[in-house]
Amino acid sequence: GFIFQVTSFQGVAVRSLSTSSPHDHPEHGRLVYKGNLAKAVLGVKFFSYSTSIFNLFMMPYIMFKSGIGVESLLVQAAFYGLIGVFTFVTPVTLHILTKGYVIRLYYKDEVDTYTAITYNAILAEKATVFHQKDVKIPDITKMFTTFYAKTKSMLVNPTLFPNPQDYNHLMGYDKSSFFKFEELEEVKEAD
């Protein structure tokens, strides 16, 4: 029985090594972008959430041990306000700032659609599918927004696209009315 278990375990290990990367999702198309801060964003959010949960569980104990319930109303308000900021405001603010951070971006050439993978409020991956024509670039540069996909703000780092043409297509720069550099060169050569 023991030898069989070891053999079957090795079979599973070999199979898992031979499979493609965990980020390959043929149903989404080809991977065109991978955010390098994905682990940092997840870590910061997880730390913030765990701190909030810890605060919620510790609050009754702290109140009981410190006798803060007996103190003045002002001290109670200050205490609850401080705990409230760390427990609720910080995670909510973090989520608002990072909800559009694109972890991975896939592109389907045949239908010209993108699938952006972001983290939702409960730290699970969320897929947003949008067409290239749904991409809107904000008029004013915004700190946590590179573009809007329909109405959802998305944040990507242009330098992390392995193929710059993928970024240009996403943003619609390849369809702009400006002369392309190659066309300009051809005109010069013709003269």
Under a 4.5 Å side-chain heavy-atom rule over Ile, Leu, Val, Met, Phe, Trp and Tyr, are [X] and [Y] clustered together?
X: Leu105; Y: Tyr173; result: yes
X: Val129; Y: Phe147; result: no
X: Leu160; Y: Val135; result: yes
X: Ile96; Y: Val44; result: no

Close side-chain approach of [X] and [Y], heavy atoms under 4.5 Å:
X: Ile117; Y: His28; answer: yes
X: Lys152; Y: Phe130; answer: no
X: Arg104; Y: Glu125; answer: yes
X: His169; Y: Asp112; answer: yes

Within the distance-only criterion (no hydrogens, no angle test), does the side chain of Tyr114 pair as donor or acceptor with the backbone N or O of Leu170 below 3.5 angstrom?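 Judged by distance alone, yes, a pair lies under 3.5 Å.
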Treating Lys150 as the side-chain partner and His131 as the backbone partner, does any N or O pair qualify as donor plus acceptor under 3.5 Å?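 No, because the side chain of Lys150 does not come within donor-acceptor range (under 3.5 Å) of the backbone of His131.
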What pair of heavy atoms forms the shortest contact from [X] to [Y], and how long is it?
X: Pro138; Y: Tyr148; value: CB-CE1, 3.9 Å
X: His95; Y: Tyr119; value: CE1-O, 4.4 Å
X: Thr115; Y: Ala127; value: CG2-CB, 3.9 Å
X: Gly29; Y: Lys108; value: CA-CG, 3.7 Å
X: Ala38; Y: Ile103; value: CB-CG2, 3.4 Å

Nearest-0.5 Å distance that lies between atom [atom1] in [X] and atom [atom2] in [Y]:
X: Leu42; Y: Leu37; atom1: CG; atom2: CG; answer: 12.0 Å
X: Met154; Y: Thr145; atom1: CE; atom2: OG1; answer: 10.0 Å
X: Thr128; Y: Asn120; atom1: OG1; atom2: CG; answer: 10.0 Å
X: Lys126; Y: Lys99; atom1: NZ; atom2: NZ; answer: 8.0 Å
X: Asn36; Y: Thr159; atom1: CG; atom2: OG1; answer: 7.5 Å

Side chain to side chain contact (heavy atoms under 4.5 Å, CB included) involving Thr146 - partner list, sequence neighbours excluded: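 Partners of Thr146 by the side chain to side chain contact (heavy atoms under 4.5 Å, CB included) criterion, ordered by chain and then number, come out as Leu155, Val156, Tyr167, Met171.
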Kindly write out the residues that satisfy side chain to side chain contact (heavy atoms under 4.5 Å, CB included) with Thr98, not counting sequence neighbours, or none if the list is empty.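 Scan of Thr98 (side chain to side chain contact (heavy atoms under 4.5 Å, CB included), adjacent residues dropped) gives Val41, Lys45.
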Between Asp109 and Arg30, is there a side-chain N and carboxylate O pair less than 4.0 Å apart?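 Looking at Arg30 together with Asp109, the answer is yes, because their closest N to O distance falls below 4.0 Å.
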Only pairs at least two apart or in different chains count here, so list each ring pair (Phe, Tyr, Trp, His ring centres under 6.0 Å) that has a residue in residues 29-60.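 For residues 29-60, and leaving out neighbouring residues, the ring pair (Phe, Tyr, Trp, His ring centres under 6.0 Å) pairs sorted by first residue read Tyr33-Phe161.
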